[in-house]
Protein chains: 2
Amino acid sequence: MPAVSAGPEIERLIQLLARLPNLGPRSARRAALFLIKKREAVMAPLAAALQTAMDKVEICRLCGNIDTQNPCAVCSDTRRETSAIVVVADVADLWALERAHAINARYHVLGGTLSPLDGIGPDDLAIDALVKRAHDPAVTEIILALNATVDGQSTAHYITDLLHDAAVKVTRLAHGVPVGGELDYLDEGTLAAAMRSRTPF
Amino acid sequence: MPAVSAGPEIERLIQLLARLPNLGPRSARRAALFLIKKREAVMAPLAAALQTAMDKVEICRLCGNIDTQNPCAVCSDTRRETSAIVVVADVADLWALERAHAINARYHVLGGTLSPLDGIGPDDLAIDALVKRAHDPAVTEIILALNATVDGQSTAHYITDLLHDAAVKVTRLAHGVPVGGELDYLDEGTLAAAMRSRTPF
(Lines give C-alpha, C1' and ligand atoms only; values in the text may rest on other atoms or scores of the structure.)
Protein backbone atom coordinates (compact mmCIF):
# COMPACT_ATOMS: atom_id res chain seq x y z
CA MET A 1 0.00 0.00 0.00
CA PRO A 2 1.40 3.39 -0.90
CA ALA A 3 2.01 6.00 1.76
CA VAL A 4 -0.80 8.17 0.48
CA SER A 5 -4.17 7.37 -1.03
CA ALA A 6 -3.56 9.28 -4.19
CA GLY A 7 -2.21 8.51 -7.61
CA PRO A 8 1.36 7.39 -8.26
CA GLU A 9 2.08 10.87 -9.61
CA ILE A 10 1.44 12.44 -6.20
CA GLU A 11 3.35 9.63 -4.51
CA ARG A 12 6.32 10.35 -6.76
CA LEU A 13 6.17 14.09 -6.04
CA ILE A 14 6.20 13.37 -2.31
CA GLN A 15 9.15 10.98 -2.63
CA LEU A 16 11.17 13.59 -4.50
CA LEU A 17 10.29 16.35 -2.04
CA ALA A 18 11.33 14.05 0.81
CA ARG A 19 14.84 13.96 -0.65
CA LEU A 20 15.32 17.68 0.02
CA PRO A 21 17.39 18.47 3.10
CA ASN A 22 15.26 19.26 6.18
CA LEU A 23 12.15 17.61 4.69
CA GLY A 24 11.18 14.23 6.10
CA PRO A 25 8.33 12.09 4.77
CA ARG A 26 5.76 13.96 6.83
CA SER A 27 6.83 17.45 5.79
CA ALA A 28 7.12 16.22 2.20
CA ARG A 29 3.46 15.17 2.32
CA ARG A 30 2.53 18.55 3.76
CA ALA A 31 4.62 20.31 1.10
CA ALA A 32 2.96 18.31 -1.69
CA LEU A 33 -0.52 19.16 -0.39
CA PHE A 34 0.48 22.80 -0.06
CA LEU A 35 1.75 22.83 -3.64
CA ILE A 36 -1.40 21.19 -4.97
CA LYS A 37 -3.54 23.72 -3.11
CA LYS A 38 -1.44 26.63 -4.34
CA ARG A 39 -1.25 25.37 -7.89
CA GLU A 40 -1.12 28.75 -9.62
CA ALA A 41 0.61 30.77 -6.90
CA VAL A 42 3.46 28.40 -6.03
CA MET A 43 3.44 25.10 -7.89
CA ALA A 44 3.51 26.50 -11.43
CA PRO A 45 6.20 29.12 -10.63
CA LEU A 46 8.26 26.50 -8.80
CA ALA A 47 8.10 24.08 -11.73
CA ALA A 48 9.17 26.91 -14.03
CA ALA A 49 11.93 28.09 -11.68
CA LEU A 50 13.34 24.57 -11.47
CA GLN A 51 13.34 24.28 -15.25
CA THR A 52 15.03 27.68 -15.61
CA ALA A 53 17.66 26.78 -13.04
CA MET A 54 18.21 23.45 -14.82
CA ASP A 55 18.77 25.25 -18.08
CA LYS A 56 20.88 28.14 -16.87
CA VAL A 57 22.80 27.35 -13.70
CA GLU A 58 26.45 26.43 -14.12
CA ILE A 59 29.40 25.84 -11.85
CA CYS A 60 31.97 28.64 -12.17
CA ARG A 61 35.07 27.25 -13.86
CA LEU A 62 37.31 29.52 -11.82
CA CYS A 63 36.02 29.28 -8.25
CA GLY A 64 33.36 26.55 -8.12
CA ASN A 65 30.54 28.95 -7.21
CA ILE A 66 27.21 28.36 -8.89
CA ASP A 67 25.68 31.05 -11.05
CA THR A 68 23.86 31.63 -14.29
CA GLN A 69 27.02 33.12 -15.77
CA ASN A 70 30.42 31.46 -16.13
CA PRO A 71 32.76 32.76 -14.75
CA CYS A 72 30.38 33.66 -11.94
CA ALA A 73 29.34 37.20 -11.00
CA VAL A 74 31.88 37.27 -8.17
CA CYS A 75 34.81 36.22 -10.36
CA SER A 76 33.67 38.59 -13.14
CA ASP A 77 33.35 41.56 -10.79
CA THR A 78 36.32 43.79 -11.66
CA ARG A 79 35.87 45.92 -8.52
CA ARG A 80 36.86 43.01 -6.30
CA GLU A 81 40.25 42.69 -4.72
CA THR A 82 42.22 40.08 -6.67
CA SER A 83 45.06 39.59 -4.22
CA ALA A 84 43.06 37.52 -1.72
CA ILE A 85 41.22 34.24 -2.23
CA VAL A 86 38.74 33.12 0.39
CA VAL A 87 38.63 29.31 0.63
CA VAL A 88 35.22 27.90 1.59
CA ALA A 89 33.97 24.34 1.84
CA ASP A 90 30.65 24.92 0.16
CA VAL A 91 28.71 27.43 -1.92
CA ALA A 92 26.44 28.00 1.09
CA ASP A 93 29.47 29.34 3.01
CA LEU A 94 30.31 31.68 0.14
CA TRP A 95 26.73 32.97 0.22
CA ALA A 96 26.93 33.43 4.00
CA LEU A 97 30.12 35.50 3.74
CA GLU A 98 28.61 37.58 0.94
CA ARG A 99 25.46 38.22 2.96
CA ALA A 100 27.69 39.39 5.81
CA HIS A 101 29.63 41.68 3.42
CA ALA A 102 32.61 40.08 5.14
CA ILE A 103 35.14 40.81 2.39
CA ASN A 104 35.19 42.08 -1.18
CA ALA A 105 37.49 39.41 -2.58
CA ARG A 106 37.19 36.26 -4.65
CA TYR A 107 36.47 32.76 -3.48
CA HIS A 108 37.47 29.18 -3.99
CA VAL A 109 34.87 26.50 -3.28
CA LEU A 110 36.44 23.21 -2.21
CA GLY A 111 33.24 21.21 -2.50
CA GLY A 112 33.48 19.84 1.05
CA THR A 113 36.10 19.16 3.68
CA LEU A 114 38.51 16.26 4.13
CA SER A 115 36.72 13.52 6.02
CA PRO A 116 38.47 10.15 6.19
CA LEU A 117 35.46 8.61 7.94
CA ASP A 118 33.22 9.54 5.01
CA GLY A 119 35.89 8.52 2.49
CA ILE A 120 36.44 12.12 1.33
CA GLY A 121 40.11 12.64 0.46
CA PRO A 122 42.06 15.47 -1.24
CA ASP A 123 41.20 14.16 -4.72
CA ASP A 124 37.50 14.63 -4.00
CA LEU A 125 37.96 18.35 -3.35
CA ALA A 126 39.06 21.23 -5.61
CA ILE A 127 42.44 21.42 -3.85
CA ASP A 128 44.71 21.11 -6.90
CA ALA A 129 42.93 24.03 -8.52
CA LEU A 130 43.39 26.07 -5.35
CA VAL A 131 47.14 25.36 -5.28
CA LYS A 132 47.36 26.48 -8.92
CA ARG A 133 45.47 29.69 -8.15
CA ALA A 134 47.68 30.33 -5.10
CA HIS A 135 50.75 30.34 -7.36
CA ASP A 136 49.32 33.20 -9.45
CA PRO A 137 51.70 36.12 -8.71
CA ALA A 138 48.71 38.46 -8.27
CA VAL A 139 47.53 36.45 -5.27
CA THR A 140 49.16 37.33 -1.96
CA GLU A 141 46.74 35.94 0.63
CA ILE A 142 44.76 32.74 1.02
CA ILE A 143 42.04 33.13 3.66
CA LEU A 144 40.80 29.80 5.02
CA ALA A 145 37.13 30.33 5.88
CA LEU A 146 36.38 26.77 6.91
CA ASN A 147 34.12 25.49 9.66
CA ALA A 148 35.65 25.40 13.12
CA THR A 149 35.08 21.64 13.23
CA VAL A 150 37.59 18.80 13.29
CA ASP A 151 37.13 18.17 9.55
CA GLY A 152 37.25 21.87 8.72
CA GLN A 153 40.40 22.46 10.71
CA SER A 154 42.23 19.37 9.43
CA THR A 155 41.40 20.53 5.90
CA ALA A 156 42.84 23.93 6.81
CA HIS A 157 46.06 22.30 8.05
CA TYR A 158 46.33 20.12 4.96
CA ILE A 159 45.96 23.14 2.65
CA THR A 160 48.44 25.20 4.68
CA ASP A 161 51.03 22.43 4.31
CA LEU A 162 50.46 22.24 0.55
CA LEU A 163 50.90 25.99 0.16
CA HIS A 164 54.16 26.28 2.11
CA ASP A 165 56.17 26.96 -1.07
CA ALA A 166 53.65 29.40 -2.61
CA ALA A 167 54.37 33.08 -2.10
CA VAL A 168 51.16 33.69 -0.20
CA LYS A 169 50.20 34.48 3.35
CA VAL A 170 47.75 31.86 4.67
CA THR A 171 45.23 33.22 7.19
CA ARG A 172 42.08 31.88 8.80
CA LEU A 173 38.94 33.31 10.38
CA ALA A 174 39.31 34.54 13.97
CA HIS A 175 37.84 32.52 16.81
CA GLY A 176 35.93 34.44 19.44
CA VAL A 177 32.62 35.33 21.04
CA PRO A 178 29.85 35.53 18.41
CA VAL A 179 28.38 39.03 18.15
CA GLY A 180 25.32 39.01 20.40
CA GLY A 181 26.56 35.84 22.10
CA GLU A 182 26.28 35.34 25.85
CA LEU A 183 29.39 34.10 27.60
CA ASP A 184 27.42 31.76 29.82
CA TYR A 185 26.21 29.79 26.79
CA LEU A 186 29.57 29.49 25.02
CA ASP A 187 31.78 26.42 25.14
CA GLU A 188 35.13 26.55 26.90
CA GLY A 189 37.12 26.31 23.66
CA THR A 190 35.52 29.45 22.26
CA LEU A 191 35.95 31.34 25.52
CA ALA A 192 39.62 30.35 25.81
CA ALA A 193 40.24 31.33 22.16
CA ALA A 194 38.46 34.66 22.64
CA MET A 195 40.57 35.37 25.71
CA ARG A 196 43.83 34.52 23.92
CA SER A 197 42.93 36.78 20.99
CA ARG A 198 41.66 39.65 23.12
CA THR A 199 41.95 43.09 21.53
CA PRO A 200 42.42 46.61 22.99
CA PHE A 201 39.13 48.33 23.79
CA MET B 1 21.82 43.22 -2.21
CA PRO B 2 20.15 39.87 -2.83
CA ALA B 3 20.28 37.15 -0.20
CA VAL B 4 22.61 35.03 -2.29
CA SER B 5 25.44 35.87 -4.66
CA ALA B 6 23.93 34.07 -7.58
CA GLY B 7 21.71 35.01 -10.46
CA PRO B 8 18.09 36.13 -10.05
CA GLU B 9 17.03 32.69 -11.31
CA ILE B 10 18.55 31.00 -8.25
CA GLU B 11 17.21 33.73 -6.00
CA ARG B 12 13.72 33.07 -7.39
CA LEU B 13 14.04 29.31 -6.87
CA ILE B 14 15.02 29.91 -3.25
CA GLN B 15 12.13 32.29 -2.66
CA LEU B 16 9.66 29.73 -3.98
CA LEU B 17 11.16 26.88 -1.97
CA ALA B 18 10.96 29.08 1.14
CA ARG B 19 7.18 29.21 0.71
CA LEU B 20 6.88 25.47 1.35
CA PRO B 21 5.74 24.57 4.87
CA ASN B 22 8.64 23.64 7.18
CA LEU B 23 11.22 25.37 4.96
CA GLY B 24 12.58 28.69 6.18
CA PRO B 25 14.94 30.90 4.17
CA ARG B 26 17.98 29.00 5.39
CA SER B 27 16.66 25.53 4.55
CA ALA B 28 15.38 26.88 1.23
CA ARG B 29 18.94 27.95 0.37
CA ARG B 30 20.21 24.51 1.36
CA ALA B 31 17.47 22.84 -0.67
CA ALA B 32 18.30 24.96 -3.73
CA LEU B 33 22.00 24.09 -3.49
CA PHE B 34 21.12 20.43 -3.02
CA LEU B 35 18.89 20.51 -6.11
CA ILE B 36 21.56 22.22 -8.20
CA LYS B 37 24.14 19.64 -7.11
CA LYS B 38 21.74 16.77 -7.81
CA ARG B 39 20.59 18.18 -11.11
CA GLU B 40 19.98 14.87 -12.88
CA ALA B 41 19.06 12.73 -9.86
CA VAL B 42 16.57 15.04 -8.14
CA MET B 43 16.10 18.42 -9.80
CA ALA B 44 15.03 17.14 -13.23
CA PRO B 45 12.65 14.48 -11.82
CA LEU B 46 11.18 17.02 -9.38
CA ALA B 47 10.57 19.55 -12.16
CA ALA B 48 8.89 16.80 -14.19
CA ALA B 49 6.87 15.52 -11.21
CA LEU B 50 5.58 19.02 -10.49
CA GLN B 51 4.56 19.44 -14.10
CA THR B 52 2.82 16.06 -14.11
CA ALA B 53 1.00 16.86 -10.88
CA MET B 54 0.00 20.24 -12.31
CA ASP B 55 -1.45 18.56 -15.37
CA LYS B 56 -3.15 15.61 -13.71
CA VAL B 57 -4.12 16.29 -10.11
CA GLU B 58 -7.72 17.20 -9.46
CA ILE B 59 -9.95 17.69 -6.45
CA CYS B 60 -12.51 14.88 -6.15
CA ARG B 61 -15.95 16.31 -6.87
CA LEU B 62 -17.54 13.92 -4.36
CA CYS B 63 -15.33 14.04 -1.28
CA GLY B 64 -12.72 16.79 -1.79
CA ASN B 65 -9.76 14.39 -1.78
CA ILE B 66 -7.03 15.06 -4.30
CA ASP B 67 -6.16 12.47 -6.91
CA THR B 68 -5.32 12.02 -10.55
CA GLN B 69 -8.77 10.60 -11.15
CA ASN B 70 -12.13 12.23 -10.49
CA PRO B 71 -14.00 10.84 -8.56
CA CYS B 72 -10.92 9.86 -6.57
CA ALA B 73 -9.68 6.29 -6.10
CA VAL B 74 -11.34 6.09 -2.68
CA CYS B 75 -14.76 7.20 -3.93
CA SER B 76 -14.43 4.95 -7.01
CA ASP B 77 -13.48 1.89 -4.96
CA THR B 78 -16.58 -0.33 -5.07
CA ARG B 79 -15.26 -2.56 -2.25
CA ARG B 80 -15.63 0.24 0.26
CA GLU B 81 -18.43 0.48 2.73
CA THR B 82 -20.85 3.13 1.50
CA SER B 83 -22.91 3.50 4.66
CA ALA B 84 -20.30 5.49 6.60
CA ILE B 85 -18.68 8.80 5.73
CA VAL B 86 -15.55 9.84 7.62
CA VAL B 87 -15.38 13.63 7.96
CA VAL B 88 -11.84 15.05 8.01
CA ALA B 89 -10.58 18.60 8.06
CA ASP B 90 -7.85 18.12 5.50
CA VAL B 91 -6.56 15.70 2.86
CA ALA B 92 -3.54 15.04 5.09
CA ASP B 93 -5.92 13.61 7.71
CA LEU B 94 -7.52 11.37 5.09
CA TRP B 95 -4.07 10.10 4.13
CA ALA B 96 -3.20 9.49 7.80
CA LEU B 97 -6.36 7.41 8.35
CA GLU B 98 -5.69 5.46 5.16
CA ARG B 99 -2.08 4.76 6.19
CA ALA B 100 -3.45 3.45 9.50
CA HIS B 101 -5.99 1.25 7.65
CA ALA B 102 -8.36 2.75 10.19
CA ILE B 103 -11.53 2.10 8.21
CA ASN B 104 -12.59 0.97 4.76
CA ALA B 105 -15.17 3.68 4.16
CA ARG B 106 -15.46 6.90 2.21
CA TYR B 107 -14.45 10.38 3.29
CA HIS B 108 -15.54 13.96 3.22
CA VAL B 109 -12.85 16.63 3.29
CA LEU B 110 -14.06 19.86 4.89
CA GLY B 111 -11.05 21.90 3.82
CA GLY B 112 -10.31 23.13 7.34
CA THR B 113 -12.08 23.68 10.63
CA LEU B 114 -14.27 26.51 11.85
CA SER B 115 -12.04 29.20 13.27
CA PRO B 116 -13.67 32.54 14.06
CA LEU B 117 -10.29 34.02 14.98
CA ASP B 118 -8.94 33.25 11.50
CA GLY B 119 -12.20 34.33 9.87
CA ILE B 120 -13.08 30.79 8.76
CA GLY B 121 -16.83 30.27 8.90
CA PRO B 122 -19.19 27.50 7.69
CA ASP B 123 -19.30 28.95 4.16
CA ASP B 124 -15.55 28.49 3.80
CA LEU B 125 -15.82 24.75 4.42
CA ALA B 126 -17.52 21.95 2.45
CA ILE B 127 -20.27 21.65 5.04
CA ASP B 128 -23.29 22.08 2.74
CA ALA B 129 -22.04 19.23 0.57
CA LEU B 130 -21.62 17.07 3.67
CA VAL B 131 -25.19 17.73 4.80
CA LYS B 132 -26.40 16.77 1.33
CA ARG B 133 -24.38 13.54 1.41
CA ALA B 134 -25.66 12.76 4.91
CA HIS B 135 -29.23 12.82 3.59
CA ASP B 136 -28.45 10.06 1.08
CA PRO B 137 -30.55 7.09 2.34
CA ALA B 138 -27.56 4.75 1.82
CA VAL B 139 -25.59 6.66 4.46
CA THR B 140 -26.22 5.64 8.05
CA GLU B 141 -23.18 6.94 9.94
CA ILE B 142 -21.16 10.15 9.89
CA ILE B 143 -17.83 9.66 11.67
CA LEU B 144 -16.27 12.95 12.76
CA ALA B 145 -12.49 12.42 12.57
CA LEU B 146 -11.49 15.95 13.49
CA ASN B 147 -8.56 17.14 15.53
CA ALA B 148 -9.08 17.06 19.30
CA THR B 149 -8.49 20.81 19.42
CA VAL B 150 -10.88 23.62 20.27
CA ASP B 151 -11.47 24.41 16.58
CA GLY B 152 -11.82 20.74 15.66
CA GLN B 153 -14.30 20.06 18.41
CA SER B 154 -16.40 23.17 17.82
CA THR B 155 -16.58 22.17 14.16
CA ALA B 156 -17.72 18.71 15.27
CA HIS B 157 -20.46 20.26 17.44
CA TYR B 158 -21.57 22.56 14.62
CA ILE B 159 -21.87 19.64 12.18
CA THR B 160 -23.69 17.48 14.72
CA ASP B 161 -26.28 20.24 15.20
CA LEU B 162 -26.77 20.58 11.43
CA LEU B 163 -27.29 16.84 11.05
CA HIS B 164 -29.91 16.45 13.80
CA ASP B 165 -32.72 15.89 11.26
CA ALA B 166 -30.71 13.54 9.03
CA ALA B 167 -31.28 9.82 9.55
CA VAL B 168 -27.68 9.19 10.47
CA LYS B 169 -25.78 8.28 13.59
CA VAL B 170 -23.02 10.84 14.27
CA THR B 171 -19.92 9.41 15.95
CA ARG B 172 -16.45 10.71 16.67
CA LEU B 173 -13.00 9.24 17.26
CA ALA B 174 -12.38 7.86 20.74
CA HIS B 175 -10.19 9.77 23.16
CA GLY B 176 -7.62 7.76 25.09
CA VAL B 177 -4.02 6.82 25.68
CA PRO B 178 -2.09 6.75 22.39
CA VAL B 179 -0.75 3.28 21.57
CA GLY B 180 2.80 3.22 22.93
CA GLY B 181 2.11 6.31 25.01
CA GLU B 182 3.36 6.65 28.58
CA LEU B 183 0.83 7.80 31.16
CA ASP B 184 3.34 10.05 32.86
CA TYR B 185 3.68 12.16 29.71
CA LEU B 186 -0.03 12.49 28.96
CA ASP B 187 -2.10 15.53 29.77
CA GLU B 188 -4.84 15.33 32.38
CA GLY B 189 -7.63 15.67 29.82
CA THR B 190 -6.48 12.61 27.90
CA LEU B 191 -6.02 10.57 31.07
CA ALA B 192 -9.46 11.50 32.38
CA ALA B 193 -11.06 10.68 29.01
CA ALA B 194 -9.23 7.35 28.84
CA MET B 195 -10.43 6.50 32.34
CA ARG B 196 -14.05 7.42 31.56
CA SER B 197 -13.99 5.27 28.40
CA ARG B 198 -12.20 2.32 30.00
CA THR B 199 -12.91 -1.04 28.36
CA PRO B 200 -13.00 -4.61 29.74
CA PHE B 201 -9.58 -6.34 29.56
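Every chain is numbered from 1 and lettered A, B, ... according to where its sequence line falls, protein lines coming before strand lines. As a basis for the values below, the full set of heavy atoms in this structure was taken, side chains included, without hydrogen atoms, waters or symmetry mates.
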Legend entry - From CG (B:L20) to CG (A:L17), nearest 0.5 Å: 7.0 Å
Legend entry - Check: A:T68/B:E9 side-chain N/O donor and acceptor closer than 3.5 Å: yes
Legend entry - Option that, when pairs with chain A are counted at under 4.5 Å, heavy atom only, ranks first among B:E40, B:R26, B:R12, B:R39: B:R39
Inset, instruction - Look at A:P45, A:A48, A:P8 and state which one has the largest set of heavy-atom pairs under 4.5 Å with chain B. - result: A:P45
Legend entry - Main-chain N/O of B:V42 paired with A:R19 side-chain donor or acceptor, under 3.5 Å: no
Inset, instruction - Mind checking the CG-CD1 spacing from B:D67 to A:I10? Nearest 0.5 Å is all I need. - result: 5.5 Å
Inset, instruction - Indicate yes or no: does A:K37 engage B:D90 in a salt bridge with an N to O separation below 4.0 Å. - result: yes
Legend entry - Residue part contacting chain A, namely of B:I36, when any heavy atom lies under 4.5 Å: side chain
Legend entry - Winner by heavy-atom pair count (cut-off under 4.5 Å) against chain B, out of A:L35, A:V57, A:L23, A:I59: A:V57
Inset, instruction - Please test B:Q51 against A:M43 for side chain to side chain contact (heavy atoms under 4.5 Å, CB included), starting from the C-alpha separation and ending with a verdict. - result: CA-CA 8 Å; B:Q51 194 56 54; A:M43 199 182 198; over 6 Å; no
Legend entry - Residue pair A:A49 / B:L16: nearest heavy atoms and the distance that separates them: CB-CD1, 3.7 Å
Inset, instruction - Please confirm whether the backbone N or O of A:S27 pairs with a side-chain atom of B:N22, one donor and one acceptor, at under 3.5 Å? - result: no
